[in-house]
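Below is one structure, written out as structure tokens; comments come after it.
Start at 1 and go down the list; that is how both ligands and their atoms are numbered. In this text the structure is predicted, and so the values were computed from the model without any measurement.
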Amino acid sequence: MMKKIAILGSTGSIGTQTLEVVRRNPDLTVTALAAGSNVDHLETQIREFHPSLAAVWTEEKAKELKRRTRDLPVKIVTGMEGLLEVAQQLESEILVTAIVGMIGIRPTIAGMKAGKDIALANKETLVTAGHIIMPLAKEYGVRILPVDSEHSAIFQCLNGEDRGQLHKILLTASGGPFRGKKKEELREVRPEDALKHPNWSMGRKITIDSATLVNKGLEMMEARWLFGVEPDHIQIVVQPKSIVHSMVEFMDGAVIAQLGTPDMKLPIQYALYYPERRPLVGERLDFSRMTEIIFERPDPETFQGLRLAFDAAAGGGSLPTVYNAANERAVAWFLDHKIGFLDIPELIGRCMEAHKVIDHPSVEEILATEAETYERMEHMFLRDYGEK
Ligand code: NAD
Ligand code: MG
């Protein structure tokens, strides 16, 4: 049986690794692809995987892509309309959301309403709109299959178990490139330092998020929605080598973990074939050479971004959107050398304080909160950072 998949964000880190999984599995076919602006890369992907539909963000890029793919039977679309068309495309069965940011919310909802199972990498969508996404999945009878490695691990640990007997989630973190550092030592770090992740190779935004531990904060909120667990039943455990991908503890005290080498192709492939497992070429854990697995506690004093995530989850409503949007903007500025590393949690905290929480926000209210946060960030930047 052929499995037909559409990918939002095909040229990124998760997108290209998803296509690598497709390349190795002849029973997977690609029916639609969407990317932001890398027309070169998207053209190469179209020629190799033959989707009937492809989306790029701007009209200008779409024109260029149309010209380049004139000899192929592929329809080119653009903008949010284009993303929605890819998400709802009739042919596909699984929608892989490998796009970065809250731009994924509307296409994910459109995909679910069109009956697609969602292989979800785009954690920002669950963090900000989990209260809409999860009930919708139930209503439309579609599955949300986690691609994020930690959540795939938890999902695997819960296989065949009664979720009512789950006591807590032990969400593992590598600790990032600055593990063990104190706050003062991080004042002067540069994007180049923060982009050196010890174990994983990922997109730029999530790599910075791993250095601030905001990624773990987002993942805590992602786990909360995916598995229906309150934040105070999610414990962050640092495991520096990223071998234990996460664990669950049941009410009787039994702890089950999923281990493996740090390779996103495993969780991607697991999501695409769930509940089946398939062979996967690549490095494997070698217990004859491994001598120890170390666990540590995270340092919430140094990594304020993690503490703020628990505040955002506790505040609920539109607060996680503020946390996420402020972080997104701050990370972009940090990458542009406009603000320092410690300014990232500082700005997130200030935006959260200034925000008046909306309970159970609609998609429109979530997007309005995002816009409001961007505006507030802009204002704070001009006032406090413009001179630097
Ligand atoms: P990335 O930056 O490498 O790729 C992002 C993709 O989104 C690119 O293909 C880009 O073209 C596309 N995109 C951006 N804006 C777009 C737009 N307006 N229209 C259409 N496409 C657009 O990011 P990534 O690291 O692959 O991460 C993607 C998502 O997966 C994020 O939510 C991230 O948190 C999550 N995630 C990533 C990893 C990882 O290992 N990289 C692991 C777990 C979760
Ligand atoms: Mg992860």
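- Ring to ring, Phe155 and Tyr274 are close: their centroids are under 6.0 angstrom apart.
- Under a 4.0 Å N-O distance rule, the pair Lys338/Asp343 does not qualify as a salt bridge.
- Around the Mg ion (ligand 2), the protein N, O or S atoms found under 2.8 Å comprise Asp148 OD1, Glu150 OE1, Glu219 OE2.
- Within 4.0 Å of ligand 1, the residues that place a heavy atom are Gly9, Ser10, Thr11, Gly12, Ser13, Ile14, Ala35, Gly36, Trp57, Leu83, Ala98, Ile99, Val100, Ile103, Ala121, Asn122, Lys123, Glu124, Asp148, Met202, Gly203, Ile206, Met264, listed by chain and number.
- No hydrogens or angles considered: nothing links the side chains of Trp200 and Ser174 as a donor-acceptor pair under 3.5 Å.
- Residues Lys205 and Glu124 are paired through a salt bridge, judged by an N-O separation under 4.0 Å between the basic side chain and the carboxylate.
- Counting only distance, with no hydrogens or angles, the side chain of Asp193 and the backbone of Arg190 share a donor-acceptor pair below 3.5 Å.
- For the salt bridge (charged side-chain N to carboxylate O under 4.0 Å, His left out) condition, the pairs that include at least one residue of residues 97-120, sequence neighbours left out, are Asp117-Arg143.
- Neither side chain, Tyr270 nor Glu276, offers a donor N or O lying under 3.5 Å from an acceptor on the other.
- Between the side chains of Ser318 and His355, at least one donor N or O sits under 3.5 Å from an acceptor N or O.
- Val237 shares a hydrophobic cluster with Leu170, Ile243, Val244, Met247, Val255, Leu259, Leu285, Phe287, Met290, Ile293, Phe295; the chain of contacts runs through ILVMFWY side chains whose heavy atoms sit under 4.5 Å apart.
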